[in-house]
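Reviewing the structure listed below.
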Amino acid sequence: MTVTDNVQNQPQQLSRSPYLNQGTSTSSELRASLHLQGLSPAKVESLETQKKRALVQLRSKSTNLEKYVFLAWLRNTNVHLFYSLIGDQLEETLPLIYTPTVGTACQNYSSIYPFLAPPGQPDGLFLSINDLPNLKQIIQNYKPYPQDSGITPQIAVITDGSRILGLGDLGIDGMGIPVGKLQLYVAGAGIDPRRTIPITIDVGTNNEDKLNDEFYLGLKQKRVSDDKFFPFVDAVLETLTTVYPKMLIQFEDFSSEHAFQLLEKYQDRKFCFNDDIQGTGAVILAGFMNAIHVAGIPAKQHKILFYGSGSAAVGIAKQLVSYFVNDHGLSEDDAREMVWLVDSKGLVTLDRGDKLAEHKVYFARKDNHGTQFHDIAAVIEHVQPTVLLGLSSQSGAFSESVLRSMAKLNDRPIVFPLSNPASQAECTFEQAMVHTEGKVIFASGTAFPKYTDPKTGLISSPGQGNNMYIFPGLGLGGILAQPDHISDRLIYSAARACANALTPEERSQGLLYPVLPRIRQVSAEVAAAVVAESVAEGTARNKEAIAIVEKNNGEALLDFVSSNMWTTESADKDVTRLAAHL
Ligand SMILES: O=C([O-])CC(=O)C(=O)O
Ligand SMILES: [Mg+2]
């Protein structure tokens with residue numbers, strides 16, 4: 001059935017598609033053709049009025065979770081109004097649809113789930129291990145916008161909910177994360193919302209609270225063992241890429257061991273990347289490249305201490321090593337020597353006596369001469385770091401005394417509390433500013449408010465070193481270039497482009513990342529760099545992209561990328577196109 005047949009057979013269906021529904025701004029002509037008169041007040045409003053009303057409603061909610069539910073409902077009923085509002089109010093709404101509020105939403109997801117979307121409108125695709133025999137059918141069932149059946153999905157974000165932000169195992173309640181990430185793809189990089197699939201696989205949960213919660217909507221069983229887990233993930237990926245052969249898959253918030261194992265297994269075989277290892281690694285590398293300019297000491301003199309040693313920490317550390325090798329001519333061994341990892345047992349050393357997780361071994365220190373350092377103060381004294389990165393999910397770990405030590409050791413200490421959401425961050429921006437007397441070079445994983453110096457009245461803005469500056473552009477670049485896999489070179493080019501995306505004005509303000517309202521421009525630059533690198537390394541398969549890169553004209557490449565970005569105006573055109581057929 002074509003789009004037009006569908007509309008003619010059931011005209012009112014059109015208004016039920018959240019993609020095509022424009023609510024009170026639907027024109028009188030369209031209402032007449034679709035037999036919608038009388039089903040809403042006759043007044044036709046402008047989009048501006050709709051947005052104004054939505055904003056008043058949003059602001060009237062007393063908690064961020066209520067705001068999340070309101071925005072989810074809006075997204076699931078009126079895509080056009082939703083993304084238009086998000087685009088206008090990025091600074092206010094991103095912390096509601098994404099981190100930090102998405103963390104609260106995930107903690108409560110089973111409780112709020114029935115109130116996020118109208119009947120029949122999926123919030124994402126749920127695949128349980130019991131669905132193994134029917135995966136293909138179930139994947140094909142996912143049609144949030146059935147009137148536009150000609151549009152095929154291009155990007156899936158997939159989680160098993162086992163390590164949601166810094167909140168641990170939330171089982172299928174982790175669905176908020178793929179949903180949130182894909183909203184960033186749309187708002188931040190102009191991916192058509194119809195081309196996105198948020199996926200949560202249900203392989204059980206080890207979270208006792210969830211297992212004992214009568215409202216929990218996932219399987220009430222412990223997580224399956226690896227001999228069931230890996231074949232199931234395999235089956236999901238195989239089926240997904242059989243149904244949608246060009247699909248880019250983003251792995252998200254898998255527990256660290258599984259995240260590394262999955263990446264290693266699929267990195268060269270499937271069109272995929274891991275956002276927590278590679279996306280976070282790239283965004284921190286970008287911030288780091290800018291931070292060392294601000295700090296003013298030679299790159300090679302840095303000593304980088306990671307507090308926390310999970311997938312994101314090791315992902316970042318590996319990218320820093322590549323940076324020192326590629327850009328500063330260090331040997332791999334010398335670059336590795338610049339990194340110290342701390343985990344829950346203290347400094348990661350080879351002779352600590354416990355069995356180290358595989359991903360930590362590469363960075364385990366051999367130069368501790370038999371001494372073990374168990375707490376952060378002792379490690380700081382031993383290492384004398386210039387850079388302190390927090391990936392521990394331990395709120396308050398960067399205490400007043402830790403911050404004071406960093407400020408004593410360095411004129412401009414680089415401190416990045418990257419744990420997420422705000423409740424898990426190692427310190428706040430305010431604490432970092434106060435306890436280093438304003439010397440800190442700062443970026444956090446979650447959004448913190450600006451800081452006003454009580455004496456001078458000077459306002460400082462925190463950097464947000466969140467992977468949202470990388471994954472949307474990386475994904476867009478990937479689907480435009482169409483390589484068969486995402487190489488380390490592509491990730492590196494994304495980091496470099498993100499670092500270079502700062503404007504001279506942003507640089508003069510000492511910012512490490514571009515300001516949020518510029519996220520679409522940043523994503524376009526990241527995407528362009530990824531396309532160019534993919535052509536350079538010979539993996540790009542999209543002939544149009546190859547031809548444009550070969551012209552060697554940066555402007556033309558950026559235009560190509562921008563012209564492939566979805567906007568709410570494109571959604572307008574889709575409605576007009578359908579209306580013309582009526
Ligand atoms: O989602 C975010 O804000 C960053 C991220 O990937 C994580 O913390 O796992
Ligand atoms: Mg993540």
Side-chain angles (χ1 to χ4, degrees), residues 3-4 7 14-31 33-34 36 43-55 58 71 74-94 97 144-155 182-196 468 472-473 475-477 479-480 515-528 544 548 555-582:
V3 170
T4 342
V7 169
L14 180 61
S15 67
R16 298 211 179 104
S17 160
Y19 186 77
L20 300 170
N21 168 38
Q22 302 201 332
T24 50
S25 68
T26 309
S27 69
S28 313
E29 298 75 35
L30 197 56
R31 292 181 197 204
S33 339
L34 298 178
L36 294 176
K43 185 174 174 195
V44 177
E45 290 185 315
S46 67
L47 176 63
E48 290 313 308
T49 308
Q50 285 183 298
K51 279 194 276 196
K52 213 161 151 188
R53 179 192 290 106
L55 203 54
L58 180 68
L71 288 170
L74 192 59
R75 166 174 49 82
N76 283 321
T77 52
N78 190 335
V79 169
H80 187 256
L81 175 55
F82 173 78
Y83 281 109
S84 198
L85 181 69
I86 301 294
D88 283 5
Q89 308 289 341
L90 276 174
E91 281 175 309
E92 179 171 346
T93 57
L94 281 201
I97 62 173
Y145 315 112
Q147 287 78 1
D148 277 277
S149 47
I151 306 276
T152 38
Q154 285 174 314
I155 298 197
L182 285 163
Q183 290 173 67
L184 262 283
Y185 267 110
V186 179
I191 301 291
D192 186 327
R194 294 167 297 177
R195 296 200 189 272
T196 67
M468 70 182 173
L476 175 62
I479 60 179
L480 289 177
V515 294
L516 199 53
R518 292 206 314 111
I519 190 166
R520 274 206 170 207
Q521 282 166 28
V522 177
S523 298
E525 287 178 31
V526 168
E544 194 186 351
I548 287 175
E555 288 280 302
L557 177 57
L558 259 184
D559 283 350
F560 166 69
V561 170
S562 305
S563 67
N564 276 288
M565 286 167 109
W566 178 90
T567 60
T568 44
E569 288 75 43
S570 353
D572 271 345
K573 289 200 192 102
D574 293 327
V575 175
T576 315
R577 173 176 57 82
L578 284 171
H581 286 94
L582 294 174

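In what follows, every heavy atom counts, from backbone to side chain, and hydrogens, waters and symmetry copies are set aside.
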Taking salt bridge (charged side-chain N to carboxylate O under 4.0 Å, His left out) as the test, write out the residues that go with [X], two or more places apart.
{"X": "Arg518", "answer": "Glu506"}
{"X": "Asp88", "answer": "Lys51"}
{"X": "Glu29", "answer": "none"}

Separation between [atom1] of [X] and [atom2] of [Y], rounded to the nearest 0.5 Å:
{"X": "Leu476", "Y": "Ile155", "atom1": "CG", "atom2": "CD1", "result": "7.5 Å"}
{"X": "Ile191", "Y": "Ile479", "atom1": "CD1", "atom2": "CD1", "result": "3.5 Å"}
{"X": "Ile548", "Y": "Asp559", "atom1": "CD1", "atom2": "CG", "result": "9.0 Å"}

Within-4.5 Å side-chain heavy-atom neighbours: [X] and [Y]:
{"X": "Leu30", "Y": "Gln22", "answer": "no"}
{"X": "Ile519", "Y": "Met468", "answer": "yes"}
{"X": "Glu92", "Y": "Leu55", "answer": "yes"}
{"X": "Arg75", "Y": "Pro18", "answer": "no"}
{"X": "Glu91", "Y": "Val515", "answer": "no"}

(request) List in chain and number order the residues that pass ring-ring contact (aromatic ring centres under 6.0 Å, His included) with Tyr83, two or more places apart in sequence or in another chain; answer none if no residue qualifies. (result)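 With neighbours one apart ignored, the set is Trp566.
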
(request) For Ser46, enumerate each residue passing the side-chain hydrogen bond (donor to acceptor under 3.5 Å, both in side chains) test, keeping only those at least two apart in sequence or located in another chain. (result) Thr49

(message) Which residues pass the side-chain hydrogen bond (donor to acceptor under 3.5 Å, both in side chains) test with Ser562, not counting sequence neighbours?
(response)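 side-chain hydrogen bond (donor to acceptor under 3.5 Å, both in side chains) list for Ser562, sorted by chain: empty.
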
(message) Tell me which one of Asp192, Val79, Ile151 satisfies side chain to side chain contact (heavy atoms under 4.5 Å, CB included) with Tyr145.
(response)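 Result: among Asp192, Val79, Ile151, Val79 is the only option passing the side chain to side chain contact (heavy atoms under 4.5 Å, CB included) with Tyr145.
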
